[in-house]
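To keep things clear, I will list the structure first and then write my remarks on it.
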There are 2 protein chains.
Amino acid sequence: MSIQIAMLEDNDGIRNTLVSLFNKHENLHCVADFDNPNEAVRALPRLKPDVVLVDIHMPGGSGIEAIRQLKPILPETQFIVFSVFEDNDNIFDALTAGATGYLVKSTPPDKIIEAIHEVHQGGSPMSSRIARKIVANFQTKKSEAKQLEILTAREQEILNYLSKGFRYKEIASSMFISIETVRTHIRNIYEKLQVSSRTDALNKVFGK
Amino acid sequence: MSIQIAMLEDNDGIRNTLVSLFNKHENLHCVADFDNPNEAVRALPRLKPDVVLVDIHMPGGSGIEAIRQLKPILPETQFIVFSVFEDNDNIFDALTAGATGYLVKSTPPDKIIEAIHEVHQGGSPMSSRIARKIVANFQTKKSEAKQLEILTAREQEILNYLSKGFRYKEIASSMFISIETVRTHIRNIYEKLQVSSRTDALNKVFGK
DNA sequence: TAGCGTCTAACACTTTGATGTGATTTTGTG
DNA sequence: CACAAAATCACATCAAAGTGTTAGACGCTA
């Protein structure tokens, strides 16, 4: 079975080069190519390709928008972004929109072919610098642990209830202590974190 | 300049195979190998390798713990997890502990070598199924957009202030409207989201 | 134009949250 | 043991948040 590919790329040169690159391979078949998002959004639902290569910046709309609209209709189809942009906003927007892979435009032809096979086999092909940025996103969230260190076990426990939206009296009965004790703990938590409201405390500790 | 590598892997067979694999390559040099985390944590700070390949499950401790301790001391060193585990918990724990790459044990030798070069050049080598899981993690967070849809523009704006811990009066003056209007909007937001407190609303929309 | 949704605003009222000041008991470490 | 840190509880007070109800102004559209 050959893999059905579609292309969304406004640059004629790049698009045609890639189309013929795909068709040079036995098990790849380029079923359609578009130079603007609108056409793609209209035509692709009927074509149901396995993989779509999508450029981000195009006159006539964003490729990310196209993915956002198409992915819910074509959940089986894998979208790979193919872009010159490497900034966090574009990367994360693309992924939350439903892209499964992200390649920078400098990717050599053989790596593009490899990526298509990879995404078709359940992987997430990603240029190395892109992957690094995604990983970095996880690592910034660890400051949380550091803030928590200054809180006692009991205080952390209460903070946890706070994060779940529990009212003081609910925390008190869940922890089998008086509501006054809950107040005291929370007062101490706020003091340590240098905040003065539940939301501020949560943002400071779990805060993005 | 050759890349200085260290290995942390309890299985003697695998460890020795990899060490000799590395040393077969001109520009790679394996400077140390350990069969338990403790020794590694003590010795590595002095060796300052460029790349460390780390197994997760070992008698004597977790490789993830070792990374958590070592990464702050060796920020320049890149840690690649090398494990049979592919569950989300291990993957995300490893990344937040400071790992930059994650390879499954079935990775062929030439891909391991490639990964070491990749991580050394600023990339994040990742087995395809691992990458897919990381990407999937982003996509689950998009339910947020769905919840937001039912809120009007003005309501979303206010919800945003709420998430930042603003008090009603602060929101009112920031948006140049009366505090009573702020109340009304928030009442409507809570109604739509079926909640009855700030924290519940935030959890429902931006919810972890 | 009549109706719908949105944004705006007000008033009254109850509940919850935050803060100040105090105290007793338990637990762990030098 | 003695001291410190942590956990427990109390009372008082004010600020903030949440709830019920009502209503005018605007824009869109069936």
Ser2(A) to His29(A) - nearest heavy-atom pair and separation: OG-CB, 3.8 Å

Neighbours of DNA chain D within residues 177-187 of chain B, by heavy-atom distance under 4.0 Å: Arg183(B), Arg187(B)

From CD1 (Ile130(A)) to CZ (Arg132(A)), nearest 0.5 Å: 12.5 Å

Test salt bridge (Lys or Arg N to Asp or Glu O under 4.0 Å) applied to Glu9(A) and Lys105(A), step by step: CA-CA 11 Å; Glu9(A) 160 70 62; Lys105(A) 282 223 168 155; 2.9 Å; yes

Polar side chain donor-acceptor pair, Glu157(B) to Asn160(B), under 3.5 angstrom: no

Ala66(B) backbone acceptor or donor facing Lys71(B) side chain under 3.5 Å: no

Chain A contact limits on DNA chain C, taken 5' to 3' with a cut-off of 4.0 angstrom to heavy atoms: dT16(C) to dT21(C)

Overall bend - the helix from dT1(C)-dA30(D) to dG30(C)-dC1(D), comparing terminal axes fitted on five pairs, nearest 10 degrees: 50°

Arg68(A) side chain to Ala97(A) backbone, donor-acceptor under 3.5 Å: no

Side-chain heavy-atom pair Gln156(A), Ile189(A) within 4.5 angstrom cut-off: no

Contact list for residues 42-52 of chain B, test side chain to side chain donor-acceptor pair (under 3.5 Å), sequence neighbours left out: none

Asp93(B) side chain to Asn90(B) side chain, donor-acceptor N/O pair below 3.5 angstrom: no

All side-chain hydrogen bond (donor to acceptor under 3.5 Å, both in side chains) counterparts of Thr100(A), not counting sequence neighbours: Gln78(A)

Boundaries of the DNA chain D segment in contact with chain B, non-hydrogen, under 4.0 Å: dA16(D) to dT21(D)

Shortest non-hydrogen contact between Met175(B) and Tyr161(B), atoms and distance: CG-CE1, 3.5 Å

